[in-house]
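Here's the structure, in structure tokens; my notes come after.
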Protein chains: 2
Amino acid sequence: MKDIARHAGVSQSAVSFALNGRPGVSEETRDRVRRVAEELGWRPSTAARALSGEGAATVGFVLARPAETLGVDSFFLQLVSGIQEVLAERHLGLLFQVVEDVADECAVYRRWWAEHRVDGVLVVDPRSADPRPDLLDELGLPAVVIGGAPDERHPGLSTVWADDAGAMASVVDELHRLGHRRIVHIAGLAGLAHTERRIRTLRAEAARRGLGEVESVTTDYSDAAGAAVTRRVLEAPAPPTALVYDNDVMAVAGVAAAAELGFSVPADVSVVAWEDSALCRMVKPWLSALSRDSVEFGRTAATELMALLDGGPARTVRVPVPRLIERDSTGVARSGGA
Amino acid sequence: MKDIARHAGVSQSAVSFALNGRPGVSEETRDRVRRVAEELGWRPSTAARALSGEGAATVGFVLARPAETLGVDSFFLQLVSGIQEVLAERHLGLLFQVVEDVADECAVYRRWWAEHRVDGVLVVDPRSADPRPDLLDELGLPAVVIGGAPDERHPGLSTVWADDAGAMASVVDELHRLGHRRIVHIAGLAGLAHTERRIRTLRAEAARRGLGEVESVTTDYSDAAGAAVTRRVLEAPAPPTALVYDNDVMAVAGVAAAAELGFSVPADVSVVAWEDSALCRMVKPWLSALSRDSVEFGRTAATELMALLDGGPARTVRVPVPRLIERDSTGVARSGGA
DNA sequence: CGTCCATCCTAAAGCGCATTAGTAACTAAT
DNA sequence: ATTAGTTACTAATGCGCTTTAGGATGGACG
């Protein structure tokens, strides 16, 4: 900046005013300064900017997952990709960290906050008794919770969520229409907010329709868990005629497990995967799946965070309800399903 | 820090010396300062540190992939996870960015450099005529190239690589032993260095053994491409008896495509996937695959980068050769394979 | 007893930017 | 012609830290 000032024949402050669109310099000077800056390939030092109170031009994203669990999961990469798209427009950086659990995640937030490393964070995998919103409130760190339910207890946090309840209802609706009466839900991690929301909704919808046996089994999202639970429920005395899996990986593993037990899909048992991906079209039969646009989800979340950073109010935004794509793994229930 | 100085009854400089392990303060004072800092929950402001010449305490990682391509790929997430593990020990941040292509990637490096945002970068997917090493050399940005071949033209860059040539040789070896003579390699992206290395090695190994027909077809790593190429080569007059896929996704899609054409695996055609993952055990038959430890790969790369940041010399490190895990998709060639 | 050197510490400068207070020139109002 | 107001700029300060250049004290040594 000193160089620019010299080349343009003005003071450093004038340069600062000119480049930041602040009043106090003539349009003519502003243009000249801009040109010189361009020529010299100047870019503001984020460190200096941050130090003089402008914020770090960075947002944080923590993924709390044991390293081994980071398997075949397209969701997060797509989410991040969408986030980036929006952040890049403003040249905001994304500080990314993978940790073991939520406690570590909180520690990371504290550190980032103390070190003034980030201006805000994106929180994923909200839980039922989640310490993170409280912490972020306490730290005053702007944050967007991705995938949480609207939360009135933390008016400072924005929320971007998909309507799992509506999606689950549509699945139950369709399965009921196809004659299914015994549905088992192979759910995700027990603590997660959306897992519990799906479980509650399934129960409610089943009750509303007078379906007898619905069951939700929580898992760790792994293919192994998907296969194991599938075997267990299909070997029970009165096996279900429909299985709803909370992710694509478990659904695929489940179909394989069912086949081994002599169950054919969809003749003997229908399968729905929550989360559509290439995976769903890589197995036979192609899996019916709940599809949503994860990239767009990320875009929305990032947009909300930027609004928050600009001083806007916290908001709760709902992305479109995941839509059930019917492929070949769902069909009319065997023997009336009763 | 001012607070600490006041509480401890010393000057700010003394505090700085004490906390950074610099000489110039007594052990007693050092301890006292440390205690006070602890009590006050002090953490250095990275911005201030960076501004006074200490570096940004951050390394960069750019993934040049169109958003849609970010599908079912466990490799990168695992790699990043390994990287993090090492960086976290030193409280180094990871600035992550997804861009469309290499040109954009270069632009990101330039920006990060100009903004003093990162102390070094990790480069993935090296290409055959890659502009990045030159750029990084020019900028003087410490960098580790992940997955490249040793490169004497850029003595400033460290390289961490897996021996694709050795791995490919072992695959050809095994397939040859099983009686296969016609092998098709469904390769990855044409420009990538490791793609070309694998193609060259396949050709060389085939020639060495007098195998006639080997072919490598480059793709975009997608399931669609995997299926399409598989159909094409299997419908040819003299179809191959063995298929080597450059990733797990294409292999799975390929097996499905083969089945549709009436080819049974491994009776009619053997399949090897380059990259082992849960996916390989989610289809029938389980896929034989080249397995490597991607998390460890990430750890190694991060370790090398830190060595570079500490002023160490650039090095070339080879991680263990991927090992062929034989499962159920490989077998003796049909009708002698000839 | 004075000199020299360590040791332990302080004062002050500087990193690159934003910002506030201040100045000079010029215009409009009294 | 004096004052107030406006515009276009400059000087100077501070953000939180590191680092360099001293300053004070005390012990060893001639």
Side-chain angles (χ1 to χ4, degrees), chain A residues 1-34 36-38 40-58 91-93 111-119 309-311, chain B residues 1-34 36-37 40-58 91-93 111-119 309 311:
Chain A
M1 261 183 67
K2 220 184 290 179
D3 292 346
I4 300 180
R6 198 148 33 74
H7 278 86
V10 293
S11 73
Q12 260 195 56
S13 343
V15 174
S16 178
F17 291 146
L19 294 173
N20 294 314
R22 292 272 185 294
V25 303
S26 64
E27 274 313 309
E28 190 200 327
T29 311
R30 193 183 297 273
D31 274 5
R32 187 156 36 93
V33 169
R34 280 212 185 108
V36 175
E38 179 83 18
L40 268 53
W42 177 85
R43 295 253 78 205
S45 148
T46 40
R49 265 217 149 97
L51 197 53
S52 40
E54 278 298 88
T58 307
H91 295 302
L92 292 176
R111 192 153 49 72
W112 280 353
W113 174 80
E115 295 177 353
H116 300 288
R117 253 178 181 287
V118 299
D119 301 328
L309 295 183
D310 288 343
Chain B
M1 261 182 66
K2 219 183 293 180
D3 292 347
I4 300 180
R6 197 149 34 73
H7 278 84
V10 293
S11 73
Q12 254 195 63
S13 344
V15 173
S16 179
F17 291 146
L19 295 173
N20 294 316
R22 295 270 186 295
V25 311
S26 64
E27 274 312 310
E28 189 200 329
T29 310
R30 192 184 298 273
D31 275 4
R32 187 155 37 92
V33 169
R34 281 213 185 107
V36 175
L40 269 53
W42 177 86
R43 296 253 75 207
S45 147
T46 40
R49 265 220 151 99
L51 197 53
S52 41
E54 278 298 89
T58 306
H91 296 302
L92 291 177
R111 192 153 49 72
W112 280 352
W113 173 80
E115 295 177 353
H116 299 287
R117 253 180 181 287
V118 298
D119 302 328
L309 296 183

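Protein chains get the first letters and strands the later ones, always in sequence-line order, with residue 1 at the start of each. The structure displayed is predicted, hence computed values, not measured ones.
- Side-chain atoms of Ser13(A) and base atoms of dA18(C) include no donor and acceptor less than 3.5 Å apart.
- Protein atom CZ of Arg30(B) is 11 Å distant from nucleotide atom C1' of dC8(C), rounded to whole Å.
- A sub-4.0 Å separation between OP1 or OP2 of dT19(D) and a side-chain N or O of Arg22(B) is present.
- Between Ser16(A) and dA18(C), a side-chain N or O to OP1/OP2 separation shorter than 4.0 Å is present.
- Residue Ser26(A) is in sugar-phosphate contact alone, with no base atom involved, counting any heavy-atom pair closer than 4.0 Å across all strands shown.
- The CD-P distance, from Glu28(B) to dC8(C), rounds to 10 Å in whole Å.
- For the pair Arg30(B) (side chain) and Arg22(B) (backbone), a donor-acceptor distance under 3.5 Å is present.
- Across the protein-nucleic acid pair, Arg32(A) atom CZ and dC9(D) atom C1' stand 11 Å apart, rounded to whole Å.
- Between the side chains of Thr29(A) and Ser26(A), a donor-acceptor pair is found at a separation under 3.5 Å.
- Closest-nucleotide positions on DNA chain C for Pro44(A) and Gly24(B) were compared, and the one nearer the 5' end corresponds to Gly24(B).
- In this structure, Asn20(B) places its CG atom 8 Å from C1' of dT18(D), rounding to the nearest Å.
- Under 4.0 angstrom from either OP1 or OP2 of dG16(C) there lies no side-chain N or O belonging to Ser52(A).
- To the nearest 0.5 angstrom, Arg34(A) atom CZ is 7.0 Å from Glu27(A) atom CD.
- Atom CH2 of Trp42(B) and atom CG of Asp3(B) lie 12.0 Å apart (nearest 0.5 Å).
- Between Arg49(B) and the phosphate of dG16(D), there is no side-chain N or O to OP1/OP2 separation shorter than 4.0 Å.
- OP1 or OP2 of dG16(D) has not a single side-chain nitrogen or oxygen of Trp42(B) nearer than 4.0 Å.
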* To do: Applying side-chain contact (heavy atoms from CB on, under 4.5 Å), run through Asn20(A) and Ser16(A) and close with a yes or a no.
  => CA-CA 6 Å; Asn20(A) 294 314; Ser16(A) 178; 3.5 Å; yes

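- Residue Ser11(B) places at least one side-chain N or O closer than 4.0 Å to OP1 or OP2 of dT10(C).
- The nearest whole Å value for the distance from the CZ atom in Arg6(B) to the P atom in dG16(D) is 13 Å.
- Residue contacts for Met1(B): at a heavy-atom cut-off of 4.0 Å it reaches a base atom on one of the strands shown.
- The closest donor-acceptor contact from the side chain of Thr46(B) to the backbone of Glu115(A) lies under 3.5 Å.
- Protein atom CZ of Phe17(B) is 15 Å distant from nucleotide atom P of dC17(D), rounded to whole Å.
- Rounded to an integer number of Å, the gap from His116(B) NE2 to dG14(C) P is 18 Å.
- Residue order along DNA chain C, read from the 5' end via each residue's closest nucleotide, puts Glu27(B) first among Glu27(B) and Glu54(A).
- Here Arg43(A) lies in heavy-atom contact (under 4.0 Å) with sugar-phosphate atoms only.
- Rounded to an integer number of Å, the gap from Gln12(B) CD to dG14(C) C1' is 13 Å.
- Residue Thr29(B) has no polar side-chain atom (N or O) positioned under 4.0 Å from OP1 or OP2 of dC8(C).
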